[in-house]
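Contents: one structure, followed by commentary.
Because the structure is predicted, anything quoted here is derived from the model rather than measured. All chains are named by letter (A, B, ...) in the order of the sequence lines, taking the proteins before the strands, and each is independently numbered beginning at 1.
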Amino acid sequence: MANESTLIYKSLIEPLRSESLDAVASEELDTPDRRDGRIYDYDPKLQLAVEIALATGRPLLLRGDPGSGKSSVASFIARNLNYRYYEAVITGQSSAQDLLWRYDLVHRLADAQSMAPGEQRRPLSDYDYIEPGVLWWVFDRSSAKARGWTPQSAMPQPREAAEPNRVINETRLDDCAVVLIDELDKADPDMPNALLVPLGSMAFPVNDIRDRPVQVALERKGEVKKGIAGQEMSRLLVVITTNEERELPPAFLRRCIVHKLEHPGAERLVRIARLHFNRPPARPFTDEHSTLALAIAQRLEKLRETRAERRQRLPGTAEFLDAVRAAISLNIEVEGGATWDAIVNTTLLKDEAPV
Amino acid sequence: MSRNQQIWLGELIRCWKALAPADDNTRKTLAGLVGFAWQPPVDQREPEATPAPEPELPPPVAPSAAPPQPMTQKPKEPPPNPQASELPRVAIEEEAQLQAAEWDSVEVLNPPQPHNRQYNNLLPPLFRPLWSRTIVTTLASRRLPIGFVDAERLVSTMAAARPVERIPRQPRWTTMKGVQLLLDKTPGMAPFLSDQAALAALFDDCVGGEALERLHFFDSPLRGVVIGGKKAAYRPPQPGVPVVAVTDLGLGAPESHFNRAAPGEWLSLVQLLAARDSTLTILLPWPAAAADPGLQRCTAIVEWDRSTSATLVRRLLERICG
């Protein structure tokens, strides 16, 4: 593969491509933090990082400022590779267990209590209260659907578990998946360490099923997945993002392919705006729109420089897209007086003091 | 080469083989993404004589000025096979490229860290370096009922026919509340100023910049704190946020330092925080036994010392947090 940045190698996958958005696409698709994976503007180094992650089977850890597009990468890759797509957004209360499975104890207790007097007591099955987490869906979809139940189980077959993102995933490759673990730095430090084993061995035991031991492992069907030049590649891509609010444990970092998403320059920002807002023939991204986007991008660059000196929050791509969208929708001209200032203050600076 | 770096080396070889980078820029980028600084190997083969024009001889140099030899020397090549020139060279060159990458001499980059902070002081750190992250995380943690459903309590409530007003959950240690870090700048703490800076940076990394409130004070926080170079009245954190004070409690101050805080001032701080469901932990570069007994009873006094472990810190916190 050859490109403008002179990264020449034997590619595993085709170059990642954005789709052109049609004019009748519903507006809700066109959000700056889109997760449908239809459009993304990336640098060649990101594609190389993805290919290394696929070649090594290691998680891809994406670093970068908030709003730099980290969370949108995974769905874009999944769509390009036709892999299934799952995501988990991490909060301060998340634990590694949430990504593996959850046991609905309260539901079970309610079922146990709700039997009418005299009703024939039927044994409660653990399978009914198991909710597979995203890693279970990624590792073994059929086992997740069955909540770990197999014909060898002594208990009756449970109802099928609801697959996340089912509508899209039904059209994708059954044995290949991309999973996004978003904002891992929000979690307590225990969580990344607790994920080392499941992500390293691609397997974990489900301890809450007392019927029989259940082991979830990466489903292996048929032949090894091959790249376009015949190289072996992973069926699974784990994409992890961090805003770097706190440091991830070194042991975890060492098991990841790490790539930092740099802030795009003004020209690339305009390209990104074109990708998002060009809807020909009804709503093309015109030269006037390009001029407007370039002016906003240049303003953004100046703001970033000034605010970096003051160690203030830096507006990023998401804020830029908000500003362009607002300026296009409201038909606001560059440096157009108070309205222009309002756009800058509300979209780029948010509620902070203007520079 | 450490054991952990061998993990990287395996990844590097695997993706090198799969992606077959064709030029030095790609090789360097690829190696950097896996954690290595790659340099193109120096070609030591004799240049082919026939196509090259007659080179100008370089001026003679003294033996001492000779360029340094690379760390690893290739074995002397065997005499050329006369039939070799007729063979296709592609495979041989690829093989040669792979062999030329001297893996053992590849320089390893620093582990990727967001801020690339340096914690190195001239003096050895007060906590054991390998334990310090865990200790700091434990210092900033509090036990909150956010874990799994506490089945035992739930069942006992229902068995006693009491209404379940709230689903009981098992407690979990978490840093989600953030932490308020109080750094003592009195003369007694002067020997530990660089340790304080390193510790504050470690808190920043473990807890997160936005969740960490860092304040400086002299003698007692209740006398005022310094925020951004300006003195201000002390304001306790949001309810439930733990407070960690890095102070010598006046124990290390010179005798001429008359303004040292009395134990009563620290007890007042403890009461102020307790009213807001917060707890005070004191990180003391002195033996804990030297602190006021009353203060020892109502706060966790952690010795800033190599003997301190995360388990010990957690035990102290369990005592004051219940």
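- Taking chain B as the reference chain and counting heavy-atom pairs below 4.5 Å, the highest number among L61(A), L105(A), T91(A) is found for L105(A).
- Side chains of T281(B) and R142(B): a donor-acceptor N/O pair is present below 3.5 angstrom, by distance only.
- Both the backbone and the side chain of I52(A) have a heavy atom closer than 4.5 Å to some heavy atom of chain B.
- Using a 4.5 Å cut-off between heavy atoms, T137(B) touches chain A through its side chain atoms alone.
- One finds no salt bridge joining R108(A) and D111(A) here, because no Lys/Arg side-chain nitrogen approaches an Asp/Glu carboxylate oxygen to under 4.0 Å.
- The candidate from R14(B), M176(B), E210(B), R172(B) with the greatest count of non-hydrogen atom pairs under 4.5 Å with chain A is R172(B).
- For the residue pair D65(A) / S68(A), no side-chain donor-acceptor distance below 3.5 Å is found, with atom types taken as modelled.
- Side-chain contact of D126(A) with Y103(A): a donor-acceptor pair under 3.5 Å is present, judged by distance alone.
- Using a 4.5 Å cut-off between heavy atoms, L33(B) contacts chain A through both its backbone and its side chain.
- The part of L109(A) that comes within reach of chain B is its side chain, from C-beta onward, which places non-hydrogen atoms under 4.5 angstrom from that chain.
- The one candidate from D182(A), N243(A), T242(A) that meets the side-chain hydrogen bond (donor to acceptor under 3.5 Å, both in side chains) condition with K70(A) is N243(A).
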